[in-house]
Asker: 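My structure is below; once you've seen it, I'll send some questions.
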2 protein chains.
Amino acid sequence: MDIELIKSAPRPAPKPTGKRELTKAQNRLTILEAARQVFAELGYGATTVRDIIRATPLASGTFYNYFQSKEEVFQAIQDESALRIRPRLHEERAKASTVEEFISGTFRTFFEFVAGDHSNFRTLRMNTDTLRVRMDTPETIAGFEELREDLVGAIAKGMFPPVDADFLMAAIVGVAFELAERMARRELRDPATATAFATALLLGGIHALPTVTPPDIAAP
Amino acid sequence: MDIELIKSAPRPAPKPTGKRELTKAQNRLTILEAARQVFAELGYGATTVRDIIRATPLASGTFYNYFQSKEEVFQAIQDESALRIRPRLHEERAKASTVEEFISGTFRTFFEFVAGDHSNFRTLRMNTDTLRVRMDTPETIAGFEELREDLVGAIAKGMFPPVDADFLMAAIVGVAFELAERMARRELRDPATATAFATALLLGGIHALPTVTPPDIAAP
DNA sequence: AAAGGATCGTGACGAGCCGTCAACTTTCGG
DNA sequence: CCGAAAGTTGACGGCTCGTCACGATCCTTT
């Protein structure tokens with residue numbers, strides 16, 4: 001009896017070269033990409049599964065072979081997105097040895113990520129609705145998952161003054177999101193500028209901000 | 001012929017005491033309140049007009065006697081909300097003579113407003129989706145409409161250093177929204193605490209923040 | 001290599017929601 | 001007290017939803 005078990009237990013090979021697996025993976029990607037675009041355009045709530053599938057050459061029922069629901073495909077998009085930025089953010093903060101490095105590293109990584117592909121952030125931003133209630137927090141999705149722990153660690157090491165980590169995290173996330181929103185709206189293109197501004201503000205407050213030469217005082 | 005015109009032109013009185021007008025106003029309020037609750041619970045996108053009307057004793061067709069669409073009732077809610085806080089915010093900043101008064105007044109007014117009724121902020125926050133695309137910006141809806149102009153004025157008067165008003169506004173809004181989110185989640189109840197934290201951060205940066213006594217260094 | 005089995009794509013289906021509207025009830029004005 | 005005006009109601013056709021039984025496609029086994 002064991003023979004049969006041994007025979008069937010160790011799979012010969014995952015066979016990723018089969019034609020079936022190939023088109024399957026391809027279809028999944030097609031749906032994911034279409035969903036990303038539609039979500040970014042219509043918003044999560046207003047988007048229907050039909051909208052997504054209509055943006056592909058596939059039939060309506062096919063969607064449900066790959067995802068159980070609209071929510072699941074959304075989650076998949078955000079997971080993939082978070083998976084790309086989360087390690088970068090954490091690594092950046094892990095190697096920081098000063099407050100300035102910690103803060104500017106976080107902002108720079110996030111702003112460069114947003115600048116690289118607006119649709120990710122837009123999808124996230126456009127869909128704070130259902131998420132807040134039933135799914136993960138936006139921080140999780142945006143890759144700020146470990147920010148709080150990193151902050152607590154930095155405070156414990158004496159890198160940061162002993163402030164409230166929750167408040168500080170809220171402030172960092174708020175500034176990052178709102179400036180990123182400006183980038184997504186094309187009102188602000190340069191990640192470096194956003195990073196410089198946000199870092200200066202958090203480190204030294206308004207009076208430490210880079211000043212803009214007022215038109216009427218400009219030297220000749 | 002003019003006689004008829006004169007006769008019909010000057011309305012006798014708006015008659016706000018009529019029973020008809022009374023139940024009409026009452027119905028409008030009923031729908032608005034029901035909509036506020038449903039929006040806050042389901043989110044704008046997921047909410048249907050039927051959902052709203054089901055939360056009232058009225059029939060489905062009645063909704064359309066008061067509002068043309070889901071979007072219109074949502075707009076009405078936000079308008080009313082903004083109408084209550086906008087003058088307060090503007091007045092608070094108008095009488096400010098220092099940066100500290102300007103910033104803390106803005107934060108205090110907003111946080112007290114949110115603390116007074118979470119559902120307003122929650123409804124706003126839950127529905128960033130459709131809004132960003134088709135309607136006003138969140139700043140408008142939340143009453144931060146005139147913040148940018150007030151900032152520009154304060155910079156011109158020399159109250160603020162000559163910084164970029166758009167960036168600064170983004171930062172203020174971001175910190176305000178994210179801390180308000182904590183209040184709506186009941187993780188933070190006191191508007192004064194939020195005001196103190198946000199003001200200190202924007203004025204002097206992280207190092208100016210109120211410190212929390214670390215457990216292991218607490219004096220005996 | 002050919003057929004049986006397993007997997008996946010398809011589009012038609014019932015359910016449910018949309019906004020409208022004709023008929024009924026209530027209120028107002030004379 | 002009655003006719004007109006205004007408001008409410010629930011049922012209706014048109015639409016989109018997610019599902020599912022069927023047929024096509026690919027893999028495997030002998």
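Residue numbers begin at 1 in each chain, while the letters A, B, ... track the order of the sequences.
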Asker: Going by an N to O cut-off under 4.0 Å, is there a salt bridge joining E91(B) and R88(B)?
Answerer: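 No.
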
Asker: Strictly by modelled atom types, are N27(B) and T30(B) linked by a side-chain donor-acceptor pair under 3.5 Å?
Answerer: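 Side chains of N27(B) and T30(B): no pair found under 3.5 Å.
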
Asker: Detail all sub-3.5 Å separations between protein N/O atoms and N/O atoms belonging to nucleotides 9-16 of chain C.
Answerer:
unit_1  : atom_1 : unit_2 : atom_2 : d
dG9(C)  : OP1    : N27(A) : ND2    : 2.6
dG9(C)  : OP1    : Y66(A) : OH     : 2.6
dG9(C)  : OP2    : N65(A) : ND2    : 3.1
dG9(C)  : N7     : N65(A) : ND2    : 3.2
dT10(C) : OP2    : A59(A) : N      : 2.9
dT10(C) : OP2    : T62(A) : OG1    : 3.3
dG11(C) : O6     : G61(A) : N      : 3.4

Asker: So which heavy atom on I103(A) is nearest to which on I206(B), and how close?
Answerer: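 Closest approach of I103(A) to I206(B): CD1-CD1, 3.8 Å.
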
Asker: For K70(B) and dC18(C), give me the distance from atom NZ to atom P, rounded to whole Å.
Answerer: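 About 8 Å, once rounded to whole Å.
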
Asker: Verify whether the ring centers belonging to F107(A) and F197(A) lie closer than 6.0 Å.
Answerer: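 No: the rings miss the under 6.0 Å criterion.
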
Asker: For I53(B) and dC18(C), give me the distance from atom CD1 to atom P, rounded to whole Å.
Answerer: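 So the CD1-P distance, I53(B) to dC18(C), works out to 11 Å.
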
Asker: Rounding to a whole Å, what distance do you find between D51(A):CG and dG18(D):C1'?
Answerer: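 These atoms are roughly 14 Å apart.
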
Asker: Using salt bridge (charged side-chain N to carboxylate O under 4.0 Å, His left out) as the criterion, list what pairs up with D166(B), not counting sequence neighbours.
Answerer: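 Partners of D166(B) under the salt bridge (charged side-chain N to carboxylate O under 4.0 Å, His left out) test: R148(B).
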
Asker: If you compare every side-chain N and O of T48(A) against the phosphate oxygens of dC17(D) (OP1, OP2), does one of them come in below 4.0 Å?
Answerer: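 Checking dC17(D) against T48(A), a side-chain N or O does come within under 4.0 Å of OP1 or OP2.
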
Asker: Assert yes or no for the condition that the ring centre distance of F102(B) to F160(B) is strictly below 6.0 Å.
Answerer: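 Yes, they do, as the ring centres are separated by less than 6.0 Å.
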
Asker: What is the distance, to the nearest angstrom, from the CZ atom on R28(B) to the P atom on dT8(D)?
Answerer: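 About 13 Å, once rounded to whole Å.
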
